[in-house]
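So the structure is just underneath, and the comments pick up after that.
So you know, we letter chains A, B, ... as the sequences are listed, proteins then strands, and number each from 1. Excluded from the calculations below are hydrogen atoms, water molecules and symmetry mates; all remaining heavy atoms, backbone and side chain alike, are included.
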2 protein chains.
Amino acid sequence: MEKKNIRIKDIAQLAGVSIGTVDRVLHNRGKVSEEALQKVLSTLREIDYKPNLIARTLGTKKVFRIAVIIPDPAQDEYWAQAHLGIQHAAVEWNQYDVKVETYFFDLYHHESFLQLTQAAHVNKPDGIVLAPIFYHEALHFLHQCQASKIPFVIFNTNLPEIHPLSFIGQNLFDSGRVAAELMSLGQTAPGAFTVLHVNEASENSIHLLDKQKGFEHFFKVKNQPDFKISALDINETEENQLQEHLQILLSDAEIKGLFVTTSKGTAAIAAILKKLNRTDIRLIGYDLLPENIQHLQAGTIDFLINQNSRHQTFLGIQHLANYLFLKKEPPATNLLPLEIISRENLNSYLGSALPQF
Amino acid sequence: MEKKNIRIKDIAQLAGVSIGTVDRVLHNRGKVSEEALQKVLSTLREIDYKPNLIARTLGTKKVFRIAVIIPDPAQDEYWAQAHLGIQHAAVEWNQYDVKVETYFFDLYHHESFLQLTQAAHVNKPDGIVLAPIFYHEALHFLHQCQASKIPFVIFNTNLPEIHPLSFIGQNLFDSGRVAAELMSLGQTAPGAFTVLHVNEASENSIHLLDKQKGFEHFFKVKNQPDFKISALDINETEENQLQEHLQILLSDAEIKGLFVTTSKGTAAIAAILKKLNRTDIRLIGYDLLPENIQHLQAGTIDFLINQNSRHQTFLGIQHLANYLFLKKEPPATNLLPLEIISRENLNSYLGSALPQF
DNA sequence: GTGAAAGCGCTAACAT
DNA sequence: ATGTTAGCGCTTTCAC
């Protein structure tokens with residue numbers, strides 16, 4: 001069964017037109033008569049034409065430019081990992097004439113975000129990958145992009161009201177349920193669990209609330225009245241202050257476990273729990289930050305849910321590049337698995353941070 | 001910084017020879033005078049030539065044939081999923097002149113394996129992806145391949161003494177430790193856990209023993225003498241017989257949990273536990289087979305460790321094709337993460353069975 | 001031994 | 001609007 005692949009030349013022959021015409025309809029560049037158009041379209045419908053990517057990239061001289069806009073990797077390890085995913089994707093596509101330009105904004109200043117997005121916009125990239133940290137500014141920017149017909153992919157947090165080419169992230173409600181499940185496992189005696197939001201500006205905390213709701217929902221459905229669920233916002237960048245808050249919370253003898261909704265918060269809480277030597281507290285948090293990895297190995301953290309920012313950005317560029325290059329529509333929403341990381345499977349994840357393909 | 005890439009043509013010009021000559025030295029096909037050789041080599045040393053792989057694949061007309069040898073997908077859902085990974089990879093590479101030929105052997109008859117491998121061998125494929133189920137036969141076959149200089153990738157179970165181009169699978173010892181960790185979590189009262197090997201021929205059970213050892217090792221290190229660990233082989237294809245065996249085991253009031261080392265075994269044990277209504281037993285097993293998924297959702301199974309046979313085969317072909325096509329060396333051993341699947345994160349895995357890229 | 005030249009499938013500029 | 005043609009960088013064949 002050596003079925004030769006169909007080439008543009010074949011389509012042209014079948015449709016009785018020239019390859020130039022076929023190329024024009026394939027890329028709808030116009031300048032094609034209604035008659036020729038129909039002939040080509042009908043033969044296209046009959047056969048399964050799959051363009052030869054290799055040949056396309058060789059033949060074309062167009063260079064696609066993708067602008068990636070994320071928080072400064074230096075400010076936060078989570079975003080440093082996101083940056084790694086970008087770099088990985090960038091080298092992968094480099095030989096295919098897709099260039100990635102990165103813009104780093106200040107995680108704590110929306111003016112910086114505003115400024116960067118505008119800078120990116122004037123450069124007129126062919127596509128944009130964005131971490132929409134600042135809700136209003138992001139919305140404004142993305143409307144601009146829609147007006148300029150620049151396709152965009154968003155990741156990390158969803159903006160369902162805008163319709164991106166693709167959203168990449170996790171189901172945060174389910175994420176909270178996973179945390180709850182791990183928290184409740186094998187807990188027999190009555191007790192209390194607290195959801196901790198540590199040092200999060202209100203913008204982002206809308207999303208963190210989803211995790212909390214999922215967490216609470218799990219226990220509601222399970223109907224286990226033996227467990228008291230509470231939630232607490234702590235805004236203290238000073239470790240000592242943070243510790244004081246925590247100690248008040250932990251003075252309640254019923255507290256059996258803590259669920260921290262951010263990666264950085266997880267590291268902060270773990271450090272304090274370790275200092276206080278409270279190994280009895282079950283701690284569940286987010287992401288494979290170096291500190292979190294250590295605390296997981298040491299047993300201070302019991303489980304991490306991996307949000308895999310690295311993979312998120314990687315996929316973001318992947319989807320966008322495939323769209324620009326191959327006109328392949330990505331999934332409107334691409335939800336990543338809620339990876340449960342424990343002490344024993346940690347190493348197996350560290351070895352293969354990125355999906356080899 | 002639009003630095004043009006160096007082309008063969010450039011080298012030819014610099015060395016004062018023709019592109020044909022440059023090509024000959026690049027691939028050391030001989031037929032080059034000592035003088036020309038030196039001229040080319042010296043200019044090659046001066047500049048950093050990176051061949052354009054895109055152009056290479058377009059220019060070449062060689063069709064690579066990859067032989068994939070796995071158990072009959074009809075015999076076992078686990079292998080059916082492996083087959084899906086193959087099909088996925090096959091369509092991906094189809095247009096790039098990499099053809100995949102599959103050979104299905106009988107999972108229960110090594111003669112069939114022997115026969116199939118020989119059939120594959122006489123067809124002289126350019127590369128082989130193999131599930132080395134039958135140890136001795138596999139070893140013999142792979143030695144043949146080495147003699148014939150056919151590169152091969154193995155997956156699922158490792159044969160460390162032979163040196164494959166790449167091995168794709170999981171660390172089975174660690175896999176057992178993960179199971180143990182999940183088993184012990186929150187278990188306060190003393191109790192007993194049993195490792196179950198269900199209906200496995202001795203060949204394969206060598207590898208299953210690794211899982212058992214990892215499981216035992218976890219408790220040894222943890223130094224929790226409160227837990228009694230045992231292991232049991234059950235060879236009964238009849239459900240009733242299997243149930244009898246299990247009931248004897250479960251009549252021991254101390255039994256708190258079971259760890260089943262195979263995917264099929266997991267499904268079988270789960271079915272019986274459900275029938276016996278033993279929801280008190282913590283059950284940990286392998287893989288997202290349809291039955292296992294149901295039992296996980298119903299709560300009969302507490303955790304599954306995903307071996308992702310689909311991804312394994314996909315990667316196998318991926319690595320081999322990249323090697324043949326682009327001369328890209330794959331990792332000698334590619335260990336997949338030990339994915340922990342619970343009721344709450346199950347859906348997030350079902351949505352994305354394969355890594356999108 | 002060596003160079004010239006014809007592709008590979010596609011794009012894009014150029015005639016018509 | 002349509003067909004022809006010259007590349008893209010490399011492989012491979014074929015004269016010399």
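- With dC10(C), dC10(D), dT2(D) as the choices, the nucleotide that has an atom nearest any side-chain atom of Ala55(A) turns out to be dC10(C).
- Between the CG atom of Leu37(B) and the P atom of dG3(C) there is a distance of 13 Å, rounded to whole Å.
- With distances taken from any side-chain atom of Ser18(A) to the nucleotides dC10(D), dG3(D), dT12(D), the minimum falls on dG3(D).
- Among the nucleotides dT2(D), dT5(D), dT2(C), the one closest to the side chain of Val32(A) is dT2(D).
- The shortest distance between the side-chain N/O atoms of Thr21(A) and the OP1/OP2 oxygens of dT2(D) is not below 4.0 Å.
- Between the P atom of dG1(C) and the CD atom of Gln38(B) lies a distance of 16 Å, rounded to the nearest Å.
- Separating the CD1 atom of Ile11(B) from the C1' atom of dT2(C) is a distance of 17 Å, rounded to the nearest angstrom.
- With hydrogens and angles left out, the side-chain atoms of Gln307(A) and Glu339(A) include no donor and acceptor closer than 3.5 Å.
- If you measure from atom CG of Asn52(A) to atom C1' of dG9(D), you get 14 Å, rounded to the nearest angstrom.
- Rounding to whole angstrom units, CG of residue Asp10(A) and P of dC8(C) are separated by 11 Å.
- The nucleotide whose nearest atom lies closest to any side-chain atom of His27(B) is, among dT11(D), dG9(D), dG3(C), dT11(D).
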Inset, instruction - Apply salt bridge (Lys or Arg N to Asp or Glu O under 4.0 Å) to Asp23(B) and Arg29(B), showing your working. - result: CA-CA 8 Å; Asp23(B) 185 75; Arg29(B) 312 193 211 275; 3.0 Å; yes
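- Closest to the side chain of Leu58(B), from the set dT2(C), dC8(C), dT11(D), is dC8(C).
- Note that CD1 of Ile154(A) is 7.0 Å distant from CG of Leu130(A), once rounded to the nearest 0.5 Å.
- Per the geometry, CZ belonging to Arg24(B) stands 7 Å off P belonging to dT2(C), to the nearest Å.
- Heavy-atom distances to DNA chain C give each of Lys61(A) and Ile54(A) a nearest nucleotide, and the one nearer the 5′ end belongs to Ile54(A).
- Side-chain polar atoms of Asn94(B) and Lys99(B) form a donor-acceptor pair below 3.5 angstrom.
- For the pair Ser33(A) and dT2(D), the criterion of a side-chain N or O lying under 4.0 Å from OP1 or OP2 is met.
- Of the candidates dT12(D), dC10(C), dA12(C), the closest approach to any side-chain atom of Arg29(A) belongs to dA12(C).
- Distance from the side chain of Val17(A) is smallest for dG3(D) among the nucleotides dT2(D), dC10(C), dG3(D).
- The distance between atom CZ of Phe325(A) and atom P of dC10(C), rounded to the nearest whole Å, is 13 Å.
- Taking the six-membered ring for Trp and the full ring otherwise, the centers of Phe155(A) and Phe167(A) sit at least 6.0 Å from each other.
- For the pair Ile8(B) CD1 and dT12(D) C1', the computed distance is 12 Å after rounding to whole Å.
- A side-chain N or O of Tyr103(A) and one of Asn123(A) form a donor-acceptor pair less than 3.5 Å apart.
- Between Tyr49(B) and dC10(D), a side-chain N or O to OP1/OP2 separation shorter than 4.0 Å is present.
- The side chain of Thr60(A) approaches dA12(C) more closely than any other nucleotide in the set dA12(C), dG1(C), dA1(D).
- Two residues, Thr57(B) and Lys31(B), neighbour DNA chain C, and the one matched to the more 5' nucleotide by heavy-atom proximity is Lys31(B).
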